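Take a look at the structure set out below.
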Amino acid sequence: METNSFIQFKQSAMRKYFSRMNDMQQKAIFTVNGPVLVLAGAGTGKTTAIVNRIANMINFGDGYTDNSYQGNSSDTAFLKDYAEGRTDDFESLRDIVAHNPIQPWNILAITFTNKSANELKERLRSMLGSAGLDVNASTFHSACVKILRKEISSIGFGEDFTIYDSDDSQRMIKNVMNDNDVSEKQFAPKTVLNEIRSAKEKMISPEEYAKNSATDYKRKVISKIYTSYQERMKSANALDFDDLLFFTVRIFEEYPEILAKYQRKYKYILVDEYQDTNYVQFRLVTLLSEVSRNICVVGDDDQSIYKFRGADIGNILGFEEQFRDAVVVRLEQNYRSTQNILSASNAIISNNSARKDKHLWTDGAEGNKVYWYKAFDENDEVRFIVDTIKKNYAQNGKYSDTAILYRMNAQSNYIETTLARNSIPYRVYGGMRFFDRKEIKDITAYLAFINNPDDILRFRRIINEPKRNIGDSTVQLIEEISRDLKISPLEVMKNCEEYDPLSKKIAPLKTAYAMFEQLIEKSETLPLDEFFDFVLAKTGYMDFLKADENSEPKIENVNELRSTIVQYMRKAHMPSLNEYLEETVLYTDYDRETSSEDRVTLMTVHSAKGLEFRNVFIVAMEENIFPAVRSLENQEDMEEERRLAYVAVTRAKENVYITTARQRLLFGQTQRNITSRFIKEASVFIEKHDNALAMKNAMKADEDKAVTQVHSISLQQQLARNKMYSSPTAVVTENFSKGDRILHPKFGEGTVISAVQTLNNVMLEIAFDTLGTKKIMAGGVKIRKI
DNA sequence: CGAAATGGCATTTTT
DNA sequence: TGCCATTTCG
């Protein structure tokens, strides 16, 4: 009697402690040991559940399910009081309830992005204080870097290895292709890199790749490039992003004692966004949890949208097969959206076959129907968006609760222009990132090369930037010598007089060597920020920038880079160049910092995952765009598009606006697409507002009037209409015809052979008096009739 | 060597 | 159409 009530009150007291969580969330929180699969639909409080689960593990261990301690009557009385709200003495609760509490450093929580890792860290800290900071919450990549810095010597790299970003990798591929006489025309470096990347994602080494390539010419070539790429990476002591995961798993597979060490360290593994894991990531997680079997994966198969970069939805769908005893928790109560939005998204996603059945619900309001605006063309479409944003703004005085989502980045342009013209503040996500800018990459390359003089790629990038009279052929020679003799390019420069082919360049090489020698020396003595200034001055890079009159934004960027160094120095325990470089390459999140400014957000549906907005516009929901053309043929791709549509709709708290256009100008061509199947799938929850028909009829009336006077005026009309909508610069004002004499600012005088009218430009074929015949767009360079 | 012209290409993106 | 990377020409 007594024992039963102890356990009963213990559980109610603990439920009381986590009473802000719903039953399902509590189930996830209290299942501490063994494999757990949390299927968390959009907006169901997933992160909160994760944070609370970790808090439970650290505070109470497996106290909730433990039967070994039977308590006594005063404990039972306390628990009863706690459960019924007469006390909230947490310390006493923990004393009585805790069983095998888990040390924070035995927990590894893995996410995909720095943003979510940071969010997790922050929430753990605020819930658990300093214990929260001891949980290893990091991305796959940074978790692997940490392991590799300790263990990589086992496979022959130095522990101060350099990390290459995608841009660096691609350059490296190009270099390798050039040196192996593989034409970039025949094999696009991008394609080659992708192939290598996907091989690494599947844990296929160059040797293994070679085995299956004997018969296929393309594979044979790629195999050669892959092998040589990895060799060079090794001699540069560099790893690319994929290597970080690949080599960690390799080490675990080949060195059981190293694996065992980490299995002991990370007794509890938690993986967020599990639906987006690829094979290496799956392997890593599987290996680490093999012994403890304490693995909790959290995700939503309906939000798996990264197949194109290797994500395997099978990982989450197969979890229950992999772990027969897995506890499955479904989070389906949604705290974000109105019932109508949820119904619409459920209606869409239920057309997918490869999924675990889930049904989002809310006890909140019914809300508005999804608003579908059928526009005449893309200009009418943005006009609607602008009007609606203005209307909403008039009501609640806020722009930042609105997002405009599109399928591809190319669509942002015409929306931006119109927003700007209407003075609606906005921010576009995506595009050039801070650390991808040339000047930033250059300076970082200096720092990286000073940090690791074997880094041949960075050497190549900066040795003649600014100009030091060391041209391509000389660099090529240095590289070859360095490779053949297995010495660093610096060594080659130092002793350049020993190498005959370099004899003509001894002076510049010696000068450059002396410079690097000084830089390296200062890197060991100066604090980082002062060292940074020294590099800028000594290398002449700052002067080089200042010499260009348009360089102000660049100089500003450089100053911003400096402030990242200062920031880093402030928070680092032992600031080092190596660690700083690691952070900048791995944590590029910095320029995504959420500004508090009140702006409309423009982004692709992909980058909207995990975010929420009161009002969401989903632009151009038409077949060929959303779903994208390339997914129409293939069932699997189509299901991914549908998941994407599901993600898009579930971003909204209150209002979803979907737009389509009867015709639209995209990639310079006018196209007519039929309505997206996704709209039809959710039609019950959608309200259609057709402006296309009205506008078409209005235009038809105009046209009829005109036709009575002039025949076939439609091209003229078309042009006039384009003039109205498009920027004025694109319009050709002068009319050219065959036989006209013209003056071109560069090519001089000539005679027009033909003039072909395109939609809003004229293609001229001109016989120049001195240069022969050329085809030129009249709208581009200024061509005058004479 | 650097600006200008040409050609090719156009889902989605994090680390 | 518009962007980019590469080529081309002075």
Side-chain angles (χ1 to χ4, degrees), chain A residues 110-117 138-145 163-170 174 184-185 188-190 194 197 201 239-245 273 276 278 280-281 305-311 378 405-414 429-433 435-436 464-467 469 471-472 548 582-589 592 603-610 620 624-632 637 640-641 643-644 647-648 664-671 722 726-727 730 744-747 758-761 771 774-777 779-781:
Chain A
I110 310 178
T111 62
F112 272 83
T113 64
N114 293 306
K115 204 171 157 205
S116 33
S138 53
T139 62
F140 271 104
H141 295 264
S142 64
C144 286
V145 170
I163 302 168
Y164 282 179
D165 68 16
S166 322
D167 183 67
D168 299 326
S169 312
Q170 192 163 333
K174 281 187 189 173
E184 287 189 18
K185 296 226 166 74
K190 234 194 200 160
N194 276 334
R197 212 176 255 172
E201 271 164 8
L239 271 67
D240 66 25
F241 287 137
D242 306 296
D243 290 336
L244 296 176
L245 304 192
E273 305 280 13
D276 284 328
N278 60 27
V280 214
Q281 290 161 339
I305 53 175
Y306 285 110
K307 181 174 167 236
F308 69 91
R309 63 176 202 218
E378 79 279 1
L405 309 182
Y406 33 81
R407 179 65 245 268
M408 48 192 167
N409 283 311
Q411 294 172 261
S412 75
N413 220 325
Y414 70 95
Y429 287 77
M432 177 75 89
R433 296 209 260 129
F435 284 94
D436 289 338
N464 206 32
E465 188 82 15
K467 302 283 169 277
N469 201 11
D472 264 355
D548 176 8
E582 176 183 314
E583 297 220 342
T584 53
V585 67
L586 241 39
Y587 308 117
T588 340
D589 227 18
R592 277 207 162 203
M603 55 168 70
T604 61
V605 180
H606 277 93
S607 28
K609 192 168 80 157
N624 296 329
I625 297 179
F626 197 0
V629 216
R630 293 155 95 125
S631 58
L632 299 178
D637 290 345
E640 178 132 324
E641 291 290 308
R643 290 193 289 270
L644 204 52
V647 169
R664 70 169 64 246
L665 192 64
L666 194 63
F667 298 133
Q669 281 183 319
T670 304
Q671 45 177 260
N722 279 319
S726 62
S727 55
H744 185 281
K746 267 263 129 68
F747 304 142
T758 61
L759 207 58
N760 49 13
N761 211 331
L771 294 158
K774 285 181 192 299
K775 283 187 180 167
I776 289 170
M777 298 300 274
V781 204

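In what follows, chains are A, B, ... by sequence order, proteins preceding strands, each numbered from 1. Heavy atoms only: backbone and side chains are in, while hydrogens, waters and symmetry mates are out. Quantities reported herein were computed from a predicted structural model and do not represent experimental measurements.
Put simply, the side chain of A/Ser166 and the base of B/dT15 share a donor and an acceptor less than 3.5 Å apart.
Taking atom C1' on both nucleotides, C/dT6 is separated from B/dT11 by 24 Å, rounded to a whole Å. Comparing B/dT14 with C/dC3, their C1' atoms sit 23 Å apart, to the nearest whole Å. B/dT12 and C/dA5 are spaced 15 Å apart, taking the P atom of each and rounding to whole Å.
Classification of the A/Phe308-A/His606 ring pair by plane angle, with boundaries at 30° and 60°, yields perpendicular.
When heavy atoms are screened at a 4.0 angstrom cut-off, A/Phe112 is found touching the sugar-phosphate backbone but no base atom. At the heavy-atom level, A/Glu641 lies under 4.0 Å from base atoms of the strands shown. Within the nucleic acid shown, A/Asp276 has no heavy atom closer than 4.0 Å to any nucleic acid atom. Residue contacts shown for A/Tyr306 are limited to sugar-phosphate atoms, with no base heavy atom under 4.0 Å away. Across all strands, A/Lys174 comes closer than 4.0 Å only to sugar-phosphate atoms, never to a base (heavy-atom distances). Among the atoms of the strands shown, only primed sugar atoms or phosphate atoms (P, OP1, OP2) are found under 4.0 Å from some heavy atom of A/Lys467.
For the pair A/Gln170 CD and B/dT15 P, the interatomic distance rounds to 19 Å; values are reported in whole Å. Between A/Ile625 atom CD1 and C/dT1 atom P there is a gap of 18 Å when expressed in whole angstrom units. Here the C1' atom of nucleotide B/dG8 and the CZ atom of A/Phe667 are 13 Å apart, to the nearest Å. In this structure, A/Lys307 places its NZ atom 13 Å from C1' of B/dT11, rounding to the nearest Å. What separates NE2 of A/His141 from P of B/dT13 is a distance of 16 Å, to the nearest Å. For the pair A/Ile305 CD1 and B/dT13 C1', the computed distance is 10 Å after rounding to whole Å. Summarising the geometry, the separation between CD on A/Gln411 and C1' on C/dT1 is reported as 14 Å, rounded to the nearest angstrom. Look at CG on A/Asp436: it is 13 Å from P on B/dT13, rounded to the nearest Å.
When A/Cys144, A/Ser169, A/Ser166 are each tested for a side chain to side chain contact (heavy atoms under 4.5 Å, CB included) with A/Phe241, only one passes: A/Ser166. Of the listed residues (A/Lys307, A/Arg407, A/Arg630), just one forms a salt bridge (charged side-chain N to carboxylate O under 4.0 Å, His left out) with A/Glu641, and that residue is A/Arg407.
In C/dT7 the O4'-C1'-N dihedral to the base is more than 90° from 0, which defines an anti nucleotide.
By the neighbour-count criterion of 12 heavy atoms within 6.0 Å, atom NZ of A/Lys190 is sparsely surrounded, having that number or fewer from other residues, nucleotides or ligands.
Here A/Asp243 contributes atom CG and A/Tyr164 contributes atom OH; the two are 11.0 Å apart, rounded to the nearest 0.5 Å. Between A/Thr604 atom OG1 and A/Met408 atom CE the span is 11.5 Å, to the nearest 0.5 Å. Note that NZ of A/Lys609 and CZ of A/Phe112 are 7.5 Å apart. Values are rounded to the nearest 0.5 Å.
Nucleotides of DNA chain B nearest to A/Thr604 and A/Lys190 differ in position, and the one nearer the 5' end is that of A/Lys190. Residues A/Arg630 and A/Phe241 each lie close to DNA chain B; by heavy-atom proximity, the contact nearer the 5' end of the strand is made by A/Arg630.
B/dT12 is unpaired under the criterion used here, namely a Watson-Crick or G-U wobble arrangement in which both key atom distances are under 3.5 Å. With both pairing distances under 3.5 Å, C/dG10 is matched to B/dC1 as a Watson-Crick or G-U wobble pair.
Residue A/Met408 has its side chain nearest to B/dT11 when only B/dT14, B/dT11, B/dT15 are considered. Comparing B/dT15, B/dT12, C/dT6 against the side chain of A/Arg407 picks out B/dT12 as the nearest.
In this structure, A/Asn409 does not reach the C/dC3 phosphate: none of its side-chain N or O atoms is under 4.0 Å from OP1 or OP2. At C/dT1, none of the side-chain N or O atoms of A/Asn413 fall inside 4.0 Å of OP1 or OP2 (strictly under the cut-off). OP1 or OP2 of B/dT15 has not a single side-chain nitrogen or oxygen of A/Thr139 nearer than 4.0 Å.
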